[in-house]
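Read the structure below first, then the notes.
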There are 2 protein chains.
Amino acid sequence: MGRMSEEDYVENCPISSVQKIVRGKWTMVIVFFLSQGTLRFGELSRKMPQVTQANLTKELRMLEEYRVIHREVYKEVPPKVEYSLTELGVKFLPVLKSLEIWAIEYEKMLK
Amino acid sequence: MGRMSEEDYVENCPISSVQKIVRGKWTMVIVFFLSQGTLRFGELSRKMPQVTQANLTKELRMLEEYRVIHREVYKEVPPKVEYSLTELGVKFLPVLKSLEIWAIEYEKMLK
DNA sequence: CAGGATCCGTTATGATACTG
DNA sequence: CAGTATCATAACGGATCCTG
């Protein structure tokens, strides 16, 4: 493959393929929490009280579909579902970190 | 400041303050293009044919408001407006880079 | 307990036409 | 050239109730 022209960037650039993942309102927060270890749905939900269960479910399903997190269902009563980062999810942590660094720069700038 | 508890993350974490910037559908693409140099509205618009002028304007205004880009208006006829990255915008480039790295990992994973 | 289903208002985005 | 204005639609986000 040759050099990518600027004109093709929007179509071909890798970022556009993952943008829909990053754009989820809670994806990064979810990844952050799961970076500290496996969590059950209820635990995650309690850490993010602003998010309704319906929306949390939606985001989790999206992250699962994109293979950022893993969903383990235990066939028990009462039901038990655990979420954890996949390998791909772990590899996302540097992105989270660099964004955090920028966020700090951003806050400094506001003063 | 002491350690941030997990429970406070969503409210206090720096990321939430910049999330709305990152979440813009075209913000990262705009920043990418401007990282290569100043561009006029029309030039940028031609590089992103998927985006309507109206929406491009909105995103540019948002990025300007958040001080990621600078908007220079020349009082001429015909009008001329140039966009460029601010210092803060330049500092965002590592984030873009780390996301790109992850995106490449992501594509590999799909095979 | 985990999350599915539904309703519904708010944003986001798009197409198109128009203007200083 | 660099937008605005208008209208229409789609996606998002929240609240509420339901179920294996």
Side-chain angles (χ1 to χ4, degrees), chain A residues 7 10-11 15-31 33-34 37-66 68-85, chain B residues 9-11 15-31 33-34 37-66 68-85:
Chain A
E7 281 66 22
V10 177
E11 289 301 332
I15 286 185
S16 54
S17 70
V18 299
Q19 198 191 21
K20 54 187 173 306
I21 305 173
V22 180
R23 284 193 74 207
K25 186 164 185 179
W26 304 106
T27 48
M28 297 202 275
V29 181
I30 291 171
V31 171
F33 280 130
L34 293 181
T38 298
L39 287 176
R40 295 183 61 172
F41 181 85
E43 295 173 315
L44 204 48
S45 186
R46 257 170 275 121
K47 286 175 187 293
M48 305 166 67
Q50 309 89 331
V51 194
T52 61
Q53 291 193 337
N55 287 331
L56 182 56
T57 299
K58 279 183 205 167
E59 296 255 325
L60 287 168
R61 288 296 149 85
M62 186 198 70
L63 286 173
E64 186 193 2
E65 189 191 330
Y66 293 135
V68 176
I69 64 173
H70 172 69
R71 179 168 177 261
E72 185 74 40
V73 183
Y74 297 87
K75 304 210 172 195
E76 308 172 356
V77 177
K80 176 178 169 185
V81 180
E82 285 187 343
Y83 294 93
S84 56
L85 291 188
Chain B
Y9 180 83
V10 177
E11 289 301 331
I15 286 185
S16 54
S17 69
V18 299
Q19 199 189 20
K20 54 187 175 305
I21 305 173
V22 180
R23 283 193 73 209
K25 187 166 185 178
W26 303 106
T27 48
M28 296 201 276
V29 181
I30 291 171
V31 170
F33 280 131
L34 294 182
T38 298
L39 288 174
R40 296 183 59 172
F41 181 86
E43 295 173 315
L44 204 49
S45 187
R46 257 170 276 121
K47 287 174 188 292
M48 306 166 67
Q50 308 91 330
V51 194
T52 61
Q53 291 194 334
N55 287 330
L56 182 55
T57 298
K58 278 184 207 165
E59 295 257 324
L60 287 168
R61 290 294 151 82
M62 186 199 69
L63 287 172
E64 187 193 1
E65 189 192 330
Y66 293 134
V68 175
I69 65 175
H70 172 70
R71 179 168 177 261
E72 185 73 39
V73 183
Y74 296 88
K75 304 211 170 190
E76 305 173 356
V77 176
K80 177 180 170 185
V81 180
E82 285 186 342
Y83 293 93
S84 57
L85 292 187

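Because the structure is predicted, anything quoted here is derived from the model rather than measured. Just so it is clear: chains get the letters A, B, ... in the order the sequence lines come, proteins before strands, and each one is counted from 1. Excluded from the calculations below are hydrogen atoms, water molecules and symmetry mates; all remaining heavy atoms, backbone and side chain alike, are included.
Within the 4.0 Å cut-off from OP1 or OP2 of D:dC1, not a single side-chain nitrogen or oxygen of B:Arg40 is found.
The footprint of chain B on DNA chain C, defined by a heavy-atom cutoff below 4.0 Å, extends from C:dT13 to C:dG20.
No side-chain heavy atom of B:Thr27 sits less than 4.5 Å from a side-chain heavy atom of B:Val22. Residues A:Arg61 and A:Glu64 form a side-chain contact, since some pair of their non-hydrogen atoms from C-beta on lies under 4.5 Å apart. At a threshold of 4.5 Å between non-hydrogen side-chain atoms, the residues A:Val29 and A:Lys47 do not count as touching.
As a whole-Å value, the separation of B:Leu44 CG from D:dG3 P is 10 Å. Counting to the nearest Å, the P atom of D:dG3 and the CD atom of B:Glu76 are 13 Å from each other. Atom C1' of nucleotide D:dA2 and atom CD of B:Glu64 are separated by 14 Å, given to the nearest angstrom.
In this structure, the side chain of A:Arg23 engages the main chain of B:Arg23 through a donor-acceptor pair within 3.5 Å.
The two residues A:Lys25 and A:Glu59 have their closest heavy-atom pair at N-OE2, 3.3 Å. When all heavy atoms of A:Glu82 and A:Tyr74 are compared, the pair lying nearest together is OE1-OH, 3.1 Å. Counting all heavy atoms, side chain and backbone alike, A:Leu56 lies closest to A:Ser45 at CD2-CA, 3.6 Å.
One distance of note links CG of A:Leu63 with CZ of A:Arg71; it measures 12.5 Å at 0.5 Å rounding. A distance of 6.5 Å separates OH in A:Tyr83 from CD1 in A:Ile69, rounded to the nearest 0.5 Å. Interatomic distance, A:Gln19 CD to B:Met28 CE, rounded to the nearest 0.5 Å: 5.0 Å.
Over its full length, the helix from C:dC1-D:dG20 to C:dG20-D:dC1 turns its helical axis through 50°, comparing axes from the five pairs at each end and rounding to 10°.
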Please step through side chain to side chain contact (heavy atoms under 4.5 Å, CB included) for the pair B:Phe33 and B:Glu43, ending with a clear verdict.
CA-CA 10 Å; B:Phe33 280 131; B:Glu43 295 173 315; over 6 Å; no
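No engagement by A:Tyr74 is indicated, since no non-hydrogen atom pair under 4.0 Å with the nucleic acid exists.
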List, with names and distances, any nitrogen or oxygen atoms from the protein found under 3.5 Å away from nitrogen or oxygen atoms belonging to nucleotides 7-16 of chain D.
from: D:dG13; atom 1: OP1; to: B:Arg23; atom 2: NH1; distance (Å): 3.2
from: D:dG13; atom 1: OP1; to: B:Arg23; atom 2: NH2; distance (Å): 3.0
from: D:dG14; atom 1: OP2; to: A:Asn55; atom 2: ND2; distance (Å): 3.4

